[in-house]
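Residue numbers count from 1 along this sequence.
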Amino acid sequence: MKFLFVLDSVEFPLAPTPALARHVAGLLAQRGHTVHLLELWDGETPPPTEKDCAHTLVRFSDERVMNRVLEFGRTGGTPMPRRLAKLCLHPAAALAALRQIALHQPRRVSAARKAIEKLDKAHSFDVITAVAAPYAGSFALEKARVNAKKISWQMDPYAANRSYSAPGSWQREKELLAALDGVLVPPDMAGAYRERGPLSAFSDRMQVQDFPSLVRPEEKAGKSESPLAGSAASCKEEEPLRCVFVGSLYPGLRTPHFALELFKALNAPNVQLVLVGGGWENYPPDLLAPYQQALGGRLVVTGPLPHAQAAGWLCRADVLVNLGNGVSNQVPSKLFEYFAAGKPILHLAKIPDDPCLGYLSRWPLSLVLQESGGTGVETTRALSRFLLEKGRCRLDYEQARELFYENTPDRAADRFEAFGKEPQT
C-alpha cells in the first residue's frame, strides 16, 4: 500500500507529535509499504529523515517569524502595539499575519493542500493522514481533491482542547469530520463521539489510537538497570539520586512551582532535581532564585537542549519526574517514553482528574502526589520513602511493552494497514 503522512513542525520543531508519526511511518516502510512524508517546517530546523521513507519539505519561514514577533499570541510580555510595529519590519511575516488573523486564510493550509494534491497525482496514495495538532495539515486535507482515503490523526483534541481557543469549536470540528474517511483520537477524546456527545454523528468514523510513544530506548542506563525485585535491598545504591523532568513548561497548563516547592521542602542532601527543557521565558526571571539558594547544586535547570542532550539526561536519571497538565483531556506523550525507560516515575498531579492517573496505576514504580495536598510532612515523608525504596529499581522494556501495548508504534501501524484494506466511505 501507499501512504502519505502530513506532518507540521512550524511552531514547535521538536514537538513530540510529528516525531511519533515519523516512527510509525518508518515502521510501515519496514513492512514493505511505500511511505511518503510531507513536512511543513519552519525553514530553520530541518526535520529528521526517516529511513526508507520519501520526504517533501514545504518551508514556512514567514510564519516562523510571525509567531516569534507576535510572541505566539501569549498574554503579557511585549504590549501588542509594539509587537505589531515590530512585525512591520518583516514584510513576509506581516503578510502571513494578515492572511491568518484578518482573512482567516493561512498560507500554510493553502500551500499544504496544493502539495498534497501534487504528491497524490504523482503517487496515487491509498491513505493520506494528517497528523494533528496543529491542525493546518488536517484543514488542508479536508479541501484536497484526492482519491485516497483521508484520515486525521488527532493526537491532541481540537474543539475539546481547553488550553487554547479553537476557532469554530465543535461546528468547525464537524465540518472537518464530514470531509474525512476516518479519525484517530486519544482515549480521553472518545467520549465526544458517544451517544449525546457533540460528535456522535461521526462515531462510525472514529477509532481510538493511544499515543504510540512506547519505543525501546536507544540507550540503556547501565548496570543499575535491573528487574524489579520489590525491595530497597535489591536496588543499587549510588549518590546522588537524580530526579529528572524532561519537557516543556506552559503557563497554567504545565508549571514548575509544585516541583520546586516539593524538593525544597524535602531538602534531602542526596537528592538532586533536574529540570530539562524550555518554557522558562513565560515566568518571572527571579522565580528560581529562592530555590537555588535553598538547594544549591541540588537544583539543575538546563533550559532548552537538543534532542540528543535531553535524551542523555533522561538516560542518566534515577527517577523521572512528570509534571501533570492543568486539563483533564491531555496526556503528555512523554509519559510513555518514561515507561519505556523502565524507571520510577514521580507524577505531580495538578488537578484531581489528571488523565495520567489510569496509566500510572498500572506502573509498579510510580508515586502520585497531588498539588492540592501541599508539601507538608506527610507528603515529604511519602516522597522520601518512595525514593528510598524504589528510587533505583528498574523494569525491563518487555514488561513495559506488555503493560502498554496499545501505546506501541506496532499497534498504530496495524491500524493504518487496516485503513488501507477497508472500503472507502
Side-chain angles (χ1 to χ4, degrees), residues 4-19 21-22 36-49 54-122 128 130-145 152 156 158 161 163-168 172 176 248 250-251 278-279 281-282 304 306-307:
L4 171 64
F5 286 83
V6 184
L7 311 180
D8 188 340
S9 60
V10 175
E11 278 95 354
F12 304 104
L14 302 179
T17 301
R22 284 188 204 101
H36 203 117
L37 300 179
L38 171 59
E39 299 258 9
L40 316 181
W41 70 301
D42 68 351
E44 184 176 72
T45 309
T49 58
H55 296 77
T56 296
L57 303 182
V58 183
R59 183 192 305 260
F60 294 94
S61 303
D62 53 346
E63 294 196 15
R64 181 193 77 237
V65 176
M66 174 193 73
N67 287 326
R68 289 182 180 174
V69 172
L70 295 181
E71 299 176 18
F72 294 89
R74 287 190 290 259
T75 57
T78 306
M80 188 55 68
R82 188 176 299 174
R83 297 186 203 184
L84 294 174
K86 290 169 62 178
L87 188 64
C88 293
L89 301 176
H90 307 276
L95 180 58
L98 175 66
R99 295 190 59 168
Q100 180 166 313
I101 300 172
L103 303 179
H104 304 290
Q105 296 178 348
R107 184 176 74 86
R108 202 184 320 176
V109 174
S110 58
R113 177 182 59 79
K114 292 176 183 177
I116 291 170
E117 292 175 344
K118 182 178 180 180
L119 287 169
D120 185 64
K121 185 176 180 180
I128 301 177
V131 179
Y135 273 72
S138 293
F139 294 145
L141 182 59
E142 172 189 16
K143 302 296 185 183
R145 294 183 295 272
S152 179
D156 288 316
Y158 178 68
N161 193 330
S163 65
Y164 67 90
S165 178
R172 184 66 187 93
L176 172 62
S248 298
Y250 303 98
E281 67 276 8
N282 299 311
H307 175 76

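Interatomic distance, K121 NZ to I116 CD1, rounded to the nearest 0.5 Å: 16.0 Å. One distance of note links CZ of R59 with CD of E39; it measures 13.5 Å at 0.5 Å rounding. To the nearest 0.5 Å, the span separating CG on L119 from OG1 on T56 amounts to 4.5 Å. Taking CZ from R107 and CG from L40, the interatomic distance works out to 10.0 Å, rounded to the nearest 0.5 Å.
Every side chain to side chain donor-acceptor pair (under 3.5 Å) that R68 has, sequence neighbours left out, goes to E44. For D120, the side-chain contact (heavy atoms from CB on, under 4.5 Å) test picks out F125, I128, V146, A148, with sequence neighbours left out. Residues passing the side chain to side chain donor-acceptor pair (under 3.5 Å) test with N67, sequence neighbours excluded: none. Not counting sequence neighbours, T45 has no partner by the side chain to side chain donor-acceptor pair (under 3.5 Å) test. Applying the side-chain contact (heavy atoms from CB on, under 4.5 Å) criterion to S248, with sequence neighbours excluded, gives Y250. Checked against side-chain contact (heavy atoms from CB on, under 4.5 Å), A21 has the following partners two or more places apart in sequence or in another chain: L7, V131, W153, M155. For R108, the side chain to side chain donor-acceptor pair (under 3.5 Å) partners two or more places apart in sequence, or in a different chain, are D8, E11, E63. The salt bridge (Lys or Arg N to Asp or Glu O under 4.0 Å) search around R83 returns E71, not counting sequence neighbours.
One finds a salt bridge joining E117 and R113 here, because a Lys/Arg side-chain nitrogen approaches an Asp/Glu carboxylate oxygen to under 4.0 Å.
The list of ring-ring contact (aromatic ring centres under 6.0 Å, His included) pairs with a residue in residues 57-89, not counting sequence neighbours, reads F12-F72.
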Side chains of residues 86-104: which donor-acceptor partners sit under 3.5 Å, not counting sequence neighbours?
{"unit_1": "R99", "atom_1": "NE", "unit_2": "Q105", "atom_2": "O", "d": "3.2"}
{"unit_1": "R99", "atom_1": "NH2", "unit_2": "S110", "atom_2": "OG", "d": "3.4"}

Chi angles and distances behind the side-chain contact (heavy atoms from CB on, under 4.5 Å) call for V69, L84: CA-CA 8 Å; V69 172; L84 294 174; over 6 Å; no
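Considering only heavy atoms from C-beta on, P46 comes within 4.5 Å of W41 through its side chain.
Here the closest heavy-atom approach between residue A112 and residue L38 is recorded as O-CD2, 4.2 Å. Between G43 and S61, the shortest heavy-atom distance links the atoms CA-OG, 3.7 Å. Between G278 and P304, the shortest heavy-atom contact is CA-CG, 3.7 Å. F139 and L176 get closest at one heavy-atom pair: CE2-CD2, 4.1 Å.
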